[in-house]
Engineer: 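Sharing a structure here in structure tokens format.
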Amino acid sequence: MTDVRTGEQRQGQGQRKRVFIRTYGCQMNVYDSDRMADVLRPLGYALADAPEQADLVVLNTCHIRERASEKVYSELGRLRDTKFERRAQGRDLTIAVAGCVAQAEGQEIVRRQPAVDIVVGPQAYHRLPELLAEAERKSAFRRAGKRLPGAGVLDTDFPAESKFDHLPAPAGVHAGQAFLSIQEGCDKFCTFCVVPYTRGAEYSRPVAAVLAEARHLAAAGAIEITLLGQNVNAYHGEAADGSTWSLARLIRALAEIEGVARLRYTTSHPRDMDDALIAVHGEVPQLMPYLHLPVQSGSDRILEAMNRRHGRDLFLRLVDRLRAVRPDLALSSDFIVGFPGESDADFDDTMRLIDEVGFASAFSFKYSRRPGTPGWAMPDQVPESVEAARLAALQALLGRQARDFNASKVGATVPVLFAETGRKPGQIIGKTPWLQSVHAEGNARLIGSIAAVRLTAGHANSLAGEIVVRPWEAAA
Ligand code: SF4
């Protein structure tokens, strides 16, 4: 869960209203939260640091895990109390639920928590101004003692027009880094996943729109751009001449934009790693040597039950081909343990795959049943205690691999893009090309730039380093 940036960073003159946006889940949601802030800014909304300071609270939700949506309902209970306290003082608090829980549960959210004013799905947040006006109108009616049918204002459509055509230019470059959403939705229908239901069918933004946004971000100071999509390597954007560009072709064009020193993309599906994209990893230096490629399981039987449309061998062959063109590639992945029917032998297959590949980092979860997905009704659900034991073993192995990967870089001097100050005074934190966190002593003026850092110590989740060449020294 991530909160978008502070009000102080964004507050402009003449802005009186404040919005607090709480973001749950993935990078796509972080991007969407930024874009919601962009939509609200012309209405006079500055960002607040906490719900207590806000006139409008938006919960941008994630539906991947069951507990995540329960957290949303707990948060809504707290917000209802704040709303009632405000009303007693003659003020109001508007509560909006956005994102995938909004899409999946729609009216149910207002039924469970009538204090919610707006429910807006991920494809409709460009309509927030209209929804706010409608919520305000309803609220005014109620204040006047008039009865209205139904509570809350809902928009969970998949509109025919793209939200991207209706969004203002993004403001969002932070410490030299920016996200750029190029693709949404998914047609894969993995049996554990709600994304095809909450985000809809695959949609790729047109090439011209992506390039224009990237140029805008570069002009605003972005030196690293991360391309986002639920299934980003399925990108197939239409170009002005009517041709269709793949992700590989798009990356080559983005690498030509002046000032863009680093490119990344996430999240990918193994089936969509085509020859051209593999080649780009070896040929475009701006594409960082890091790839998040979810495999979920090492067992063919379980991969089939998950409807992943790839087997263990395809994944291993991809890893070999990627490492052949980019030997220093750091691989990251997602793993689900305890999918229905997963036996000890299936789990051992996953552990062997991890051993064979060697991951620099990974995200791993116990299988969580999601209503509306085929996995919900599957027989042989794995007991929680078995899931917990398997997850502990898997995370221990992945943790060792992450530590080993970090240790393997100690002694090297690498470019680090600094992004924030650390907890200790005088400490700044940045990222290596392999997306490792690096702590170093340095002046905060380095934030947003790349400096050469000698790595001095490796830990489980980060490295320590010493800055050896600052950007202005390199330029001298
Ligand atoms: S490919 Fe990814 S987003 Fe699509 S259904 Fe599978 S897990 Fe969900």
Side-chain angles (χ1 to χ4, degrees), residues 24-32 60-66 68-69 99-105 121-123 158 179 181-205 226-236 246-247 264-274 277 291-312 314-315 318-319 331-342 350 353 359 361-378 394:
Y24 299 83
C26 65
Q27 289 296 355
M28 293 287 290
N29 268 13
V30 175
Y31 177 87
D32 283 353
N60 191 13
T61 60
C62 168
H63 200 254
I64 289 290
R65 313 198 58 75
E66 194 160 27
S69 54
C100 291
V101 174
Q103 187 67 44
E105 303 197 7
Q123 306 308 328
F158 289 105
F179 293 104
S181 184
I182 64 167
Q183 183 277 336
E184 279 205 74
C186 181
D187 297 340
K188 295 282 190 299
F189 290 92
C190 299
T191 52
F192 54 81
C193 182
V194 291
V195 164
Y197 310 100
T198 57
R199 294 273 178 164
E202 264 177 32
Y203 164 78
S204 294
R205 293 179 69 191
T226 302
L227 309 176
L228 297 178
Q230 264 93 30
N231 201 358
V232 71
N233 59 342
Y235 178 82
H236 53 280
S246 65
L247 180 61
R264 303 181 187 275
Y265 63 92
T266 196
T267 292
S268 296
H269 191 285
R271 273 291 292 270
D272 295 312
M273 289 303 301
D274 60 19
L277 188 54
L291 176 63
H292 182 69
L293 190 61
V295 63
Q296 309 297 1
S297 170
S299 155
D300 280 336
R301 216 174 61 79
I302 295 300
L303 288 170
E304 198 179 333
M306 289 175 165
N307 191 33
R308 286 290 291 172
R309 305 170 192 219
H310 66 83
R312 167 194 183 90
L314 182 136
F315 186 84
L318 279 176
V319 169
L331 276 161
S332 158
S333 198
D334 292 340
F335 295 91
I336 294 174
V337 299
F339 189 77
E342 185 188 75
T350 302
L353 179 134
F359 290 94
S361 62
F363 300 92
S364 49
F365 311 94
K366 289 186 274 188
Y367 172 66
S368 146
R369 290 167 84 192
R370 305 309 298 124
T373 61
W376 172 265
M378 283 185 180
L394 181 125

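Ligands are counted one by one from 1 in listed order, and the atoms in each one are counted from 1 as well.
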Engineer: Show your reasoning for whether side chain to side chain contact (heavy atoms under 4.5 Å, CB included) applies to Asp274 and Leu277.
Structural biologist: CA-CA 5 Å; Asp274 60 19; Leu277 188 54; 3.2 Å; yes

Engineer: For ligand 1, which atoms have a heavy atom of Lys188 less than 4.0 angstrom away?
Structural biologist: 1 (S), 4 (Fe)

Engineer: So among Glu342, Gln296, Arg312, Arg308, which one has a side chain to side chain contact (heavy atoms under 4.5 Å, CB included) with Ile302?
Structural biologist: Glu342

Engineer: Hey, is atom 6 (Fe) of ligand 1 within less than 2.8 Å of some N/O/S atom on Cys190?
Structural biologist: yes

Engineer: Taking 4.0 angstrom as the limit and counting only heavy atoms of Phe189, give me the atoms of ligand 1 inside it, by number and element.
Structural biologist: 5 (S)

Engineer: Start with the C-alpha gap between Met28 and Ser181, add the side-chain angles, then the distance that decides, and say whether side chain to side chain contact (heavy atoms under 4.5 Å, CB included) holds.
Structural biologist: CA-CA 7 Å; Met28 293 287 290; Ser181 184; 3.8 Å; yes

Engineer: Please identify which atoms of ligand 1 are closer than 4.0 Å to at least one heavy atom of His269.
Structural biologist: 1 (S)

Engineer: Just checking: Cys193, one of its N/O/S atoms, less than 2.8 Å away from atom 8 (Fe) of ligand 1, yes or no?
Structural biologist: yes

Engineer: What closest approach, in Å, do Gly99 and Pro122 show between heavy atoms, and which atom pair accounts for it?
Structural biologist: O-CD, 3.4 Å

Engineer: Counting heavy atoms only, which part of Arg308 comes closer than 4.0 Å to ligand 1: side chain, backbone, both or neither?
Structural biologist: side chain

Engineer: Measure centre to centre between the rings of Phe365 and Phe192, then say whether the value is under 6.0 Å.
Structural biologist: no

Engineer: Side chain, backbone, both or neither: which part of Phe192 has a heavy atom under 4.0 Å from ligand 1?
Structural biologist: side chain

Engineer: Heavy-atom contacts under 4.0 Å between Pro196 and ligand 1: side chain, backbone, both, or neither?
Structural biologist: side chain

Engineer: Looking only at protein heavy atoms, identify the closest one to atom 4 (Fe) of ligand 1 and say how far it is in Å.
Structural biologist: Cys186 SG, 2.2 Å

